[in-house]
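Notes to accompany the following structure.
The figures here come from the full heavy-atom set of this structure, side chains too, leaving out hydrogens, waters and symmetry mates. This chain uses plain numbering: 1 for the first residue, then up along the sequence.
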Amino acid sequence: MGKTICSLENVSFSTRLLKTKAFLRCHFPTPASFLLLPSSFTSMATPPVVPTATAASIAPIFINTATLRSIITYKSLIQHFRTSLPIVTSILHSPPRQSYSLSPPSSLLLMPSWSSSSSFPYLGVKLITYFPQNSALQLPGVNGSYVLFDSATGQTLASMDGTELTLWRTSCVSGLASEILARNDATVLVMIGSGNLAPHLIKAHLTAKPSLRRVIIWNRTEEKARKLAQFLENEGKFEGVCFESSGTFLEEVVGMGDIISCATNSEIPLVKGARLKAGAHLDLVGSFKHSMRECDDEAIKRGRVFIDNEMALEEAGELVGAFERGVIGKGEIGGNLVELINGKKFGRRDSEEVTVFKSVGSAVVDILTAQLVYETYQNGGL
């Protein structure tokens, strides 16, 4: 028997077809189905295309709340924002949050963000449901999920607790602003509000300003403030820091604070600007619509105002109202967080200056938080 010669000779079409199959079997061992050439094949001028390897499928992971809490810290997230925000801001697309009304008063919110650069290969979306009537059922009124995708392939990488992610990113944005704007010798933190965000804000501020030694928590329901203070005291995570609740008038408590952080849904100004001490830093987190105000016009007028991003100028009740009443103009805003980080705008100018930071949140810090959680998890940071 003669051996098979794998070559293509200038012979009849039938012979060429048989020899082509033999040629492919010799050089490209593949399943037989690949060797079924199309009927339109009449010439070897253009050789058949050999299939290339496909990208491996990624199995999505679920990062539960306990795992999320175990793999990030306030210090790591604050530092991540400081180093990453100036870099990714120009390559991330983050349209305004979309809100859909469901059966009144419930609503669904979507906050997407995606990268246009291979240097940050992610896209993500946070889905939030708001069901205030859940309180009657002893259930949370706000629930959320965050889904992270590969921006090159669209494959799902991970899903995680969107509510927990929001608590971390919101508090660490305030912590970063405090690190930049508050006095380095600040010793007293006043926390107004004792909801789910309050303990995160307290820990973020304590991380950002190690000089803090006293935390005073005020809430309309004093018992809630007392329980939070006791919880933080029992945790024992901040040595040398005293946690206490206050039942005195809020105006007196505000006057004691070097840093005053507010996380409420109040529509009546709680912080009176006249009561702010010289050199105080006011952190406003709670309001996200025009009817909500955590401080009065005097606080905005006395303080030099900074924002987390430009949407604060359109959404924050304290600022929108101040613009409408002519208290300040948009041109008087001191700058946003990215401008403070990269030095385009200067923060505190002296120890007597009052600074105000207003945040409304963004999909940019959502996706940065999700990135840190996912990559830490993948690197075995458990």
I'd like to know if [X] and [Y] make a salt bridge, using a cut-off of under 4.0 Å between side-chain N and carboxylate O.
X      : Y      : result
Glu223 : Arg226 : yes
Lys358 : Asp308 : no
Glu339 : Lys345 : yes
Asp258 : Lys277 : yes
Glu314 : Lys330 : yes
Arg293 : Glu318 : no
Glu179 : Lys75  : no

CA sep, side-chain torsions, deciding dist, call: Asn379, Thr376, side chain to side chain donor-acceptor pair (under 3.5 Å): CA-CA 5 Å; Asn379 291 330; Thr376 304; over 6 Å; no
Check whether any side-chain N or O of [X] sits under 3.5 Å from a backbone N or O of [Y] as a donor-acceptor pair, and report yes or no.
X      : Y      : result
Thr129 : Leu108 : no
Thr153 : Gln155 : yes
Ser171 : Leu167 : yes
Glu294 : Pro269 : no
Arg348 : Glu353 : yes
Arg304 : Gly347 : yes
Thr67  : Ile63  : no
Arg69  : Glu164 : no
Asn309 : Gly361 : yes
Ser94  : Ala363 : no

Determine whether Lys301 and Glu298 satisfy the following criterion, side chain to side chain contact (heavy atoms under 4.5 Å, CB included), listing intermediate values before the conclusion. CA-CA 5 Å; Lys301 185 177 180 180; Glu298 182 63 20; 4.2 Å; yes
Looking at [X], I want to see if its [atom1] is surrounded by more than 12 non-hydrogen atoms of other residues, nucleotides or ligands under 6.0 Å.
X      : atom1 : result
Leu139 : CG    : yes
Arg213 : CZ    : yes
Asn196 : CG    : no

Just checking Trp114 against Phe149, ring centres under 6.0 Å apart?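 No.
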Please give me the minimum heavy-atom distance between [X] and [Y], naming the atom from each residue.
X      : Y      : result
Cys295 : Leu282 : CB-CD2, 4.2 Å
Ala299 : Val356 : O-CG2, 3.8 Å
Tyr74  : Thr207 : CB-OG1, 3.7 Å
Ile341 : Arg82  : CG2-O, 3.2 Å
Ser107 : Phe131 : O-CE1, 4.5 Å
Ile367 : Ser113 : CD1-O, 3.7 Å

Could you measure the distance from the [atom1] atom of [X] to the [atom2] atom of [Y]? Nearest 0.5 Å is fine.
X      : Y      : atom1 : atom2 : result
Arg169 : Ser359 : CZ    : OG    : 8.0 Å
Leu201 : Thr170 : CG    : OG1   : 8.0 Å
Lys209 : Asp185 : NZ    : CG    : 8.5 Å
Ser246 : Ile192 : OG    : CD1   : 10.5 Å
Leu92  : Asp366 : CG    : CG    : 11.0 Å
Trp218 : Leu250 : CH2   : CG    : 5.0 Å

Taking the side chain as everything from C-beta on, heavy atoms only, tell me whether [X] gets closer than 4.5 Å to [Y].
X      : Y      : value
Pro121 : Ser151 : yes
Leu212 : Val188 : no
Val173 : Phe81  : yes
Pro105 : Pro132 : yes
Phe357 : Ile307 : no
Leu181 : Leu340 : yes
Leu372 : Ser76  : yes
Met191 : Pro199 : no

Do [X] and [Y] share a hydrophobic cluster, counting only Ile, Leu, Val, Met, Phe, Trp and Tyr and linking them when any side-chain heavy atoms are less than 4.5 Å apart?
X      : Y      : result
Tyr100 : Val125 : yes
Ile260 : Met292 : no
Tyr377 : Tyr146 : yes
Tyr122 : Ile71  : yes

Test side chain to side chain contact (heavy atoms under 4.5 Å, CB included), reference Phe231, set Glu235, Lys227, Glu233, output is Glu235
How far apart are the C-alpha atoms of Asp161 and Thr65, what are their side-chain angles, what is the distance that settles it, and do they pass the side chain to side chain donor-acceptor pair (under 3.5 Å) test? CA-CA 6 Å; Asp161 185 337; Thr65 305; 2.6 Å; yes
Mind jotting down which residue pairs meet the salt bridge (charged side-chain N to carboxylate O under 4.0 Å, His left out) criterion with at least one end in residues 91-116? Sequence neighbours excluded, please. Arg97-Glu315
Can you list everything that forms a ring-ring contact (aromatic ring centres under 6.0 Å, His included) with His290? Sequence neighbours excluded, please. none
Evaluate the ring planes of Phe243 and Phe238, with Trp represented by its six-membered ring, and classify them as parallel (under 30°), tilted (30 to 60°) or perpendicular (over 60°).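 Phe243 vs Phe238 ring planes: perpendicular.
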Quick one, Asp283 with Ser174, criterion side chain to side chain donor-acceptor pair (under 3.5 Å). Give me CA distance, side-chain angles, the key distance, then yes/no. CA-CA 7 Å; Asp283 174 45; Ser174 285; 2.9 Å; yes
If the test is salt bridge (charged side-chain N to carboxylate O under 4.0 Å, His left out), which one of Arg325, Arg302, Lys272 qualifies with Asp297?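 Exactly one candidate clears the test, Arg325.
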Does any donor atom in the side chain of Ser145 or Lys126 lie under 3.5 Å from an acceptor atom in the other side chain?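 Note: Ser145 and Lys126 side chains miss the donor-acceptor criterion.
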Derivation and outcome, side chain to side chain donor-acceptor pair (under 3.5 Å), residues Ser117 and Ser115: CA-CA 6 Å; Ser117 171; Ser115 169; 5.1 Å; no
